[in-house]
Student: 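Supplied in structure tokens, the structure appears directly below.
Naming: A, B, ... by sequence-line order, numbering from 1 per chain.
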Amino acid sequence: MVREFEDVIIQTLARFLIPFVQLYSLYVLIHGHGSPGGGFQGGCILAASFILIVIAYDLKEAKRRFPEKTLLIFCCLGVFIYAATGWACLLLGSNFLDYGVLSDILPTGHVKARYYGMAMIETGVEIAVMAVMFSIFLDLTTKGEHEGILGETDAGVHHK
Amino acid sequence: MKKAPAFIVIIIMGFLLVYSAEEFPKWGDPNQPASLHVSPRYIEKTVEETAVPNMVTSVLADYRGYDTMFETSVIFTAGITVMLLLRRKRNGKRV
């Protein structure tokens with residue numbers, strides 16, 4: 001297993017870098033309408049920023065900021081936002097995922113409502129992808145025990 | 001030799017699939033139905049109908065919204081499956 005270490009250069013650089021990585025992920029999400037990008041790509045970048053916390057600090061710090069219960073809630077929330085947008089269209093009297101009718105509840109026209117409907121579902125995709133990627137990373141690196149990588153001494157490090 | 005009948009069935013099915021694939025439109029054929037009806041509609045109407053400057057986005061999220069929704073569901077299912085398979089009990093309680 002990996003030895004425990006604390007590197008001030010890596011930690012400072014990570015602390016400096018993580019906000020920009022997360023901001024860039026939001027840029028990729030919002031700008032996905034006009035250029036390559038969107039929910040899937042932005043979600044992966046956002047998950048990468050949390051993985052950077054795990055690498056630069058340790059698992060405890062990452063789990064303090066993002067407990068796995070919250071992670072599970074975010075997994076479900078992302079898919080729910082997508083489906084709820086579809087249901088909202090259904091309730092407003094149109095087809096499933098036909099965003100045009102969202103102009104009834106949004107202060108925009110019929111065409112712009114489709115634009116914002118797409119932004120809404122991309123946000124759902126981003127949240128779901130981010131939570132799933134980070135959750136899979138945690139499960140795979142710790143063999144499902146959620147302990148004992150990169151600097152935690154109570155499991156994993158001493159066992160091997 | 002139990003596997004011989006299964007092998008023969010697979011060979012026949014594979015032959016049938018390849019044979020029927022001959023009937024499909026050629027790759028990139030400008031006269032295939034998708035190029036004649038579906039693509040021009042997306043190219044001409046995307047900005048007019050959805051106010052999105054990128055065709056890819058409108059096809060992904062609007063015209064093919066169902067597809068993307070179930071792609072998201074597939075990712076969700078993958079995450080839940082990894083959780084169920086790999087997370088272990090520790091001291092009697094589930095982590």
Student: As an exercise, state the distance from CE of B:M69 to CG of A:L97, rounded to the nearest 0.5 Å.
Tutor: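 Rounded to the nearest 0.5 Å, the CE-CG separation comes to 6.5 Å.
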Student: Looking at every non-hydrogen atom in both residues, tell me the closest pair between A:C75 and B:F76 and how far apart they are.
Tutor: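 The pair with the smallest heavy-atom distance is O-CD1, 3.6 Å.
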Student: Give a yes or no on whether B:L86 and A:L59 share a hydrophobic cluster (residues Ile, Leu, Val, Met, Phe, Trp, Tyr; joining criterion: side-chain heavy atoms under 4.5 Å apart).
Tutor: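 Looking at the clustering, A:L59 is in a separate group from B:L86.
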Student: Check whether any side-chain heavy atom of B:M83 lies under 4.5 Å from a side-chain heavy atom of A:L72, and answer yes or no.
Tutor: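 B:M83 vs A:L72: side chains touch.
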Student: If hydrophobic clusters are built by linking Ile, Leu, Val, Met, Phe, Trp and Tyr wherever their side-chain heavy atoms come under 4.5 Å apart, do B:Y66 and A:V79 end up in the same one?
Tutor: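 Different clusters: B:Y66 never reaches A:V79 through Ile, Leu, Val, Met, Phe, Trp or Tyr contacts under 4.5 Å.
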Student: Can you tell me if CG on B:L17 sees more than 12 non-hydrogen neighbours from other groups inside 6.0 Å?
Tutor: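 Atom CG in B:L17 is crowded, with more than 12 foreign heavy atoms closer than 6.0 Å.
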Student: At their closest point, which heavy atom of B:E49 faces which heavy atom of A:R114, and how far apart are they?
Tutor: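 For B:E49 versus A:R114, the nearest heavy atoms are O-CD, 2.9 Å.
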Student: Is it the case that one hydrophobic cluster holds both A:L77 and A:V129, taking links as side-chain heavy atoms less than 4.5 Å apart, direct or via other members?
Tutor: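 No.
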Student: When hydrophobic residues are tied together by side-chain contacts of less than 4.5 Å, even through go-betweens, does A:V54 share a cluster with A:V21?
Tutor: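 A:V54 and A:V21: one cluster.
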Student: More than 12 heavy atoms of other residues, nucleotides or ligands under 6.0 Å from OH of B:Y63: is that the case?
Tutor: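 Count over threshold, so yes.
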Student: Given heavy-atom pairs under 4.5 angstrom as the criterion, report whether the side chain, backbone, both or neither of B:V52 touches chain A.
Tutor: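 Looking at B:V52, backbone and side chain both touch chain A.
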Student: Work out which heavy atom in B:I75 is nearest to a heavy atom in A:V132; give both atom names and the distance.
Tutor: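 Nearest pair, atom of B:I75 first, then A:V132: O-CG1, 3.5 Å.
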Student: Against chain A, label B:T81 side chain, backbone, both or neither, depending on which of its atoms sit under 4.5 Å from a heavy atom there.
Tutor: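 For B:T81, there is no contact with chain A at all, as no heavy atom is under 4.5 Å.
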Student: With distance as the sole test, does B:T72 use its side chain to make a donor-acceptor pair with the main-chain N or O of A:G78 at under 3.5 Å?
Tutor: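 Pair absent, no side-chain N/O of B:T72 close to backbone of A:G78.
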Student: Are A:F137 and A:F66 connected in a single hydrophobic cluster, I mean Ile/Leu/Val/Met/Phe/Trp/Tyr linked by side-chain heavy atoms less than 4.5 Å apart?
Tutor: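 Yes, same cluster.
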Student: Kindly indicate whether the side chain of A:V111, heavy atoms from C-beta on, has any atom under 4.5 Å from the side chain of B:T50.
Tutor: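 No, every pair of side-chain atoms sits at 4.5 Å or beyond.
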Student: Under 3.5 Å, which donor-acceptor pairs do the side chains of residues 33-50 of chain A form with other protein atoms, sequence neighbours left out?
Tutor:
from	atom 1	to	atom 2	distance (Å)
A:H33	NE2	A:Y115	O	3.3
A:S35	OG	A:H31	O	3.1
A:S35	OG	A:H31	ND1	3.1
A:S49	OG	A:Q22	NE2	3.2
A:S49	OG	A:L46	O	2.7

Student: Any heavy-atom pair between the side chains of A:E122 and B:L60 that's under 4.5 Å?
Tutor: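 Yes, side chains in contact.
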Student: About how many Å separate CZ of B:R87 and OG1 of A:T142, when rounded to the nearest 0.5 Å?
Tutor: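 It comes to 8.5 Å.
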Student: From B:I80 CD1 over to A:C76 SG, what is the distance, rounded to the nearest 0.5 angstrom?
Tutor: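 It comes to 5.5 Å.
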Student: Quick one: are B:E71 and A:Y82 in side-chain contact, heavy atoms under 4.5 Å?
Tutor: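 No. Closest side-chain heavy atoms not under 4.5 Å.
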Student: Working to the nearest 0.5 angstrom, can you tell me the gap between A:D98 CG and B:D62 CG?
Tutor: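 A:D98 atom CG to B:D62 atom CG measures 7.5 Å (nearest 0.5 Å).
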Student: Inspect the surroundings of CZ in A:F96 and state if more than 12 heavy atoms from other residues, nucleotides or ligands are less than 6.0 Å away.
Tutor: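 Buried by this count: over 12 neighbours within 6.0 Å.
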